[in-house]
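One structure is given here, and the rest of the page talks about it.
Atoms within each ligand, like the ligands themselves, are counted from 1 in listed order. Because the structure is a prediction, the values reported are computed rather than measured. Atom set for the values below is all heavy atoms of this structure, side chains included, hydrogens, waters and symmetry mates excluded.
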Amino acid sequence: MRIELVRGDITSQEVDAVVNAANSSLLGGGGVDGAIHRRGGPAILAECRRIRETRYPDGLPTGQAVATTGGDLPARWVIHTVGPVYARSQDRSALLASCHTESLRVADELGARSVAFPAVSTGAYGYPLDEAAPIAVRAVLGADTQVEVVRFVLFDEAAERAFDRALREATGQPG
Ligand code: AR6
């Protein structure tokens with residue numbers, strides 16, 4: 001698997017699937033979630049509602065992932081995952097890692113070969129970038145998956161730097 005780091009907007013990625021940093025309601029929100037629903041159009045929300053009515057009446061649990069159409073996005077599918085809310089008093093890294101491995105498991109079920117992730121939990125959910133980036137990178141590198149390209153799409157320079165450092169540390173490459 002190849003890992004790419006790019007600065008940009010998750011909604012314009014030309015990949016098989018983009019990952020949404022959703023909440024358990026699956027009914028929309030701000031940040032990445034708002035951008036995906038805005039640009040992807042109503043087909044995504046319609047499918048999210050059906051998923052709530054059928055598979056997840058109580059909402060999608062933290063650390064899990066589920067797929068919908070990509071609607072009007074360049075990506076064919078959106079994989080919605082729910083990151084943990086950061087807590088200083090509790091280690092929630094396993095849940096953040098699970099968002100990545102579960103999203104890749106869903107990608108395998110779909111037959112997606114390229115997947116773009118935002119920096120899950122590092123916005124409204126408050127995870128410090130320096131803690132989240134190594135968890136995300138290690139989870140992806142350790143995943144047993146058929147996905148060939150994982151692209152982390154970072155919104156700003158701080159996020160890009162954190163993921164670049166995490167990737168260099170995880171792969172032992174000199175910086
Ligand atoms: N493309 C790529 N990255 C983005 C974009 C974008 N268009 N917009 C923001 N980011 P967040 P979370 C970055 O808050 O922390 C929503 O309301 C952003 O700078 O989207 O998992 C949901 O409904 C940050 O680094 O996700 C949930 O309620 C990262 O993406 C809640 O927020 C994630 O920020 C989820 O919070």
Return the residue, atom name and 0.1 Å-rounded distance of the protein heavy atom closest to [atom].
| atom | value |
| --- | --- |
| atom 32 (O) of ligand 1 | Ala124 CB, 3.5 Å |
| atom 24 (C) of ligand 1 | Thr122 OG1, 3.3 Å |
| atom 17 (O) of ligand 1 | Gly30 N, 2.7 Å |
| atom 20 (O) of ligand 1 | Val32 N, 2.8 Å |
| atom 1 (N) of ligand 1 | Ile10 N, 2.9 Å |
| atom 21 (O) of ligand 1 | Ser121 N, 2.8 Å |

Number the atoms of ligand 1 from 1 as they appear, then name those within less than 4.0 Å of a heavy atom of [X], with their elements.
| X | value |
| --- | --- |
| Gly29 | 17 (O), 23 (O) |
| Gly31 | 8 (N), 20 (O) |
| Ala119 | 29 (C), 33 (C) |

Quick check: does [X] get an N/O under 3.5 Å from an N/O on ligand 1?
| X | result |
| --- | --- |
| Pro118 | no |
| Gly126 | no |
| Ala21 | no |
| Asp9 | yes |
| Tyr125 | yes |

Would a single hydrophobic cluster contain both [Y] and [X], if residues Ile, Leu, Val, Met, Phe, Trp and Tyr are joined by side-chain heavy-atom contacts under 4.5 Å?
| X | Y | value |
| --- | --- | --- |
| Leu167 | Val150 | yes |
| Val115 | Ile10 | no |
| Leu73 | Trp77 | no |
| Ile79 | Val6 | no |
| Val66 | Ile44 | no |

Check: Gln64 main-chain N/O paired with Thr81 side-chain donor or acceptor under 3.5 Å: yes
Determine, for Asp156 against Arg7, whether the closest basic-nitrogen to carboxylate-oxygen distance falls under 4.0 angstrom. no
Check ion pair Arg2-Glu4 (N to O, under 4.0 angstrom): yes
Arg39 vs Asp9, test: salt bridge (Lys or Arg N to Asp or Glu O under 4.0 Å). Steps then yes/no. CA-CA 11 Å; Arg39 178 125 182 230; Asp9 183 332; 5.2 Å; no
Across all chains, not counting sequence neighbours, the salt bridge (Lys or Arg N to Asp or Glu O under 4.0 Å) partners of Glu109 are Arg105
Does Arg76 have any salt bridge (Lys or Arg N to Asp or Glu O under 4.0 Å) partners at least two apart in sequence or in another chain, and if so, which? none
Has Ser25 got any heavy atom lying under 4.0 angstrom from an atom of ligand 1? no
Minimum distance, heavy atoms only, to [atom]: which one of [options] is it?
| atom | options | value |
| --- | --- | --- |
| atom 6 (C) of ligand 1 | Phe152, Tyr86, Phe155 | Phe155 |
| atom 23 (O) of ligand 1 | Val85, Asp33, Leu96 | Asp33 |
| atom 34 (O) of ligand 1 | Gly123, Ala116, Ala132 | Gly123 |

